[in-house]
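Beneath this line is the structure, given in structure tokens, with notes to follow.
It should be emphasised that the depicted structure is a prediction, and the values quoted were computed from it without experimental measurement. Residue numbers start from 1 in every chain, and the chains themselves are labelled A, B, ... in the order their sequence lines are given, proteins ahead of strands.
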Amino acid sequence: ERFYNMLIGFLGREGQPDMATLLFEEMLLEQVSPNNYTFTALINAYGRARMFSEAMEVFEHMKSCEAESRPNAVTCNTLIGVLCRGKKYVQAVEIFRQMKDGSHGLQKEKCKPSTVTYNTLIDAMCREGRIEEAVDVLADLASGQLDSAVVPDTVTYNIIIDACGKAGNARKAEQLVRGMEERALRPDNATYTALIDAYGKTGEIEKAEFTFRRMQKLGVRPDVLSYTALIASFGRNALLEKAEELFGEMQKQRVQPNEVTYLALIDAHGKAGQPRQAEKLFKAMASSGYKQNVYTYGAMMDAYGKCGEYQLVVNTFQEMRREGCRPNLITYAALLTACGRSENWEDALLMLYCLQQSGSEWE
RNA sequence: ACACACUUGAAACC
């Protein structure tokens, strides 16, 4: 039963709701009884795939179950999370209200909002750009005014710190880090990575590097994401050598670069006008087992474009098509930019025509 | 005891 639950959870996260359904059916055939872990994983699988009516159906079904399988706070959080992802805020808030009231078939004791509930909602607010309000909610949570049973945790702070950073407000992000420390919450890898990213985006690269070194000193071991964030920051700020140096350091520290790390490095080489080196990385990726895909081709096309190698952009595009890789909007953007810079209007028009034929979303 | 379901951080178009 746990095996099934785990697998259904995994498939849901991977965006494979159909496989999840199949597994669920098989589970029933095998007379393995589903519990609230199973149902919650299913809600997640459907919700992530924007199959909201299916998700709601499972949720309603749970309400008619025996005690063990009735919705609990995790179930509700999951539902709120997928609704927020789909921007169905009215419904998300409605579930939140029902959790607090214990109405609509939810048991008040089992469904009390938790820190995760608030974190999910705060994250949604931030993604809508309502950071000020999110900060206010955080303050009310911290003072116990909003919910006497819930206090903010590291994730709560991380969400808002990242949002401030993305909005270009590194000062506010710093202030929040101090705020979390005052509450005896330890900044973790996500906190530092968000900060590094914030500094990288404002061009305060020495602060980004300093933050990275400080986290190491404080005993938080940088993971792939932290390394990649700093590598990308170096790249963005035209510090290719530092990026490469850090790439070497991470491997010495036994932190395996992943696909995103390589993509960041390719981009850094493109920005620095080193298409040959970018190519090398592109090939190195393939030999370390990363299959070429839209992203790798896209990064390569972009790098060539930045280096003025417009013909190579087109060649890469054709290679990508030959390999049967479906282009996305980013691919076309890279192509269009290349055509524009090389004043290759025929190809640009031809491409737009192809795009139109394939009936994709217009920007 | 823990275990299987929920929330946050990195690249690329903008």
Side-chain angles (χ1 to χ4, degrees), chain A residues 1-10 12-13 20 34-45 47-48 58 62 69 71-82 84-85 114-124 126-127 152-163 165-166 173 187-198 200-201 222-233 235-236 243 257-268 270-271 293-303 305-306 327-337 363:
Chain A
E1 157 210 325
R2 294 208 176 155
F3 171 72
Y4 280 107
N5 293 345
M6 223 174 78
L7 231 44
I8 291 175
F10 174 78
R13 285 184 294 273
N35 56 16
N36 51 10
Y37 284 78
T38 322
F39 292 129
T40 303
L42 266 183
I43 289 175
N44 197 26
R48 278 174 187 253
V58 176
M62 289 177 81
S69 292
N72 59 16
V74 175
T75 316
C76 299
N77 292 341
T78 303
L79 188 55
I80 290 176
V82 296
C84 285
R85 233 178 240 268
S114 65
T115 303
V116 174
T117 318
Y118 288 97
N119 290 349
T120 307
L121 291 168
I122 288 172
D123 184 53
C126 288
R127 288 183 200 277
D153 65 4
T154 304
V155 174
T156 322
Y157 281 90
N158 289 350
I159 289 166
I160 305 181
I161 287 167
D162 182 54
K166 294 264 186 306
D188 63 7
N189 239 314
T191 318
Y192 290 116
T193 303
L195 254 190
I196 290 167
D197 183 55
K201 289 194 163 113
D223 62 9
V224 218
L225 274 72
S226 325
Y227 275 105
T228 305
L230 189 54
I231 287 173
S233 299
R236 235 178 258 128
N258 66 14
E259 187 176 14
V260 178
T261 317
Y262 280 105
L263 293 176
L265 263 181
I266 289 176
D267 186 58
K271 279 201 185 78
N293 59 33
V294 229
Y295 300 107
T296 57
Y297 284 117
M300 219 35 241
M301 285 170 58
D302 197 56
K306 281 175 180 141
N328 63 11
L329 266 171
I330 293 168
T331 319
Y332 286 116
L335 255 186
L336 255 187
T337 308
E363 287 285 307

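Residue K271(A) places none of its side-chain N or O atoms closer than 4.0 Å to OP1 or OP2 of A11(B). Phosphate proximity of A5(B) to R2(A): absent, as no side-chain N or O sits under 4.0 Å from OP1 or OP2. The phosphate of A11(B) has OP1 or OP2 within less than 4.0 Å of a side-chain N or O from K201(A).
Side-chain atoms of D162(A) and base atoms of G9(B) include no donor and acceptor less than 3.5 Å apart. The base of A10(B) is paired with the side chain of N258(A) by a donor and an acceptor separated by under 3.5 Å. Judged by distance alone with a 3.5 Å cut-off, no donor-acceptor contact links the side chain of D223(A) to the base of A10(B).
When only modelled atom types and interatomic distance are considered, D123(A) and T120(A) share no side-chain donor-acceptor pair under 3.5 Å. Between T78(A) and T75(A), the side chains place no donor N or O within less than 3.5 Å of an acceptor N or O (distance only, hydrogens not considered).
If you check every strand for non-hydrogen atoms under 4.0 Å, A232(A) touches sugar and phosphate atoms only. N189(A) comes within 4.0 angstrom of a nucleotide base, judged by non-hydrogen atoms across all strands. Residue A229(A) is classed as a sugar-phosphate contact, given heavy-atom separations below 4.0 Å to backbone atoms only. Here S226(A) lies in heavy-atom contact (under 4.0 Å) with a base. At the heavy-atom level, T228(A) lies under 4.0 Å from base atoms of the strands shown. Here I159(A) lies in heavy-atom contact (under 4.0 Å) with sugar-phosphate atoms only. Residue-level contact check: A194(A) touches the backbone only, with heavy atoms under 4.0 Å from sugar-phosphate atoms and none from bases.
Under the side-chain hydrogen bond (donor to acceptor under 3.5 Å, both in side chains) rule, N119(A) has a single partner from T154(A), T156(A), N77(A), which is T156(A).
Between the CE atom of M62(A) and the P atom of A5(B) there is a distance of 14 Å, rounded to whole Å. If you take OH of Y157(A) and C1' of G9(B), they are 18 Å apart, rounded to a whole angstrom. The separation between K306(A) atom NZ and A12(B) atom C1' is 8 Å, rounded to whole Å. Distance N328(A) CG to A11(B) P: 17 Å, rounded to the nearest Å. One interatomic measurement links the two molecules: CG of N35(A) to C1' of A5(B), which rounds to 9 Å at whole-angstrom precision. When the P atom of A10(B) is taken as reference, atom CG of L195(A) falls 12 Å away, rounded to whole Å. Computed from coordinates, the Y37(A) OH to A3(B) P distance equals 7 Å when rounded to whole Å. What separates CZ of R48(A) from C1' of U7(B) is a distance of 10 Å, to the nearest Å.
Checked against C6(B), A11(B), U8(B), the side chain of V116(A) finds its nearest nucleotide in C6(B). Each of A10(B), A5(B), U8(B) was ranked by its minimum atom distance to the side chain of N44(A); first place goes to A5(B). The side chain of V74(A) lies closest to C6(B) when the candidates are U7(B), C4(B), C6(B). Distances from the side chain of R13(A) to the nucleotides A10(B), A11(B), C6(B) place C6(B) closest. Comparing atom distances between the T193(A) side chain and each of G9(B), U7(B), A11(B) picks out G9(B) as nearest. Each of C4(B), C6(B), A11(B) was ranked by its minimum atom distance to the side chain of N5(A); first place goes to C4(B).
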- Could you walk me through whether D197(A) and K166(A) pass the salt bridge (charged side-chain N to carboxylate O under 4.0 Å, His left out) check? CA-CA 8 Å; D197(A) 183 55; K166(A) 294 264 186 306; 3.0 Å; yes
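Proximity of a side-chain donor or acceptor of D162(A) to a complementary backbone N or O of G165(A) within less than 3.5 Å is not detected. When atom types are taken as modelled, the side chain of T193(A) and the backbone of A190(A) share no donor-acceptor pair closer than 3.5 angstrom.
Residue Y4(A) qualifies as enclosed at atom OH: its count of foreign heavy atoms under 6.0 Å is above 12.
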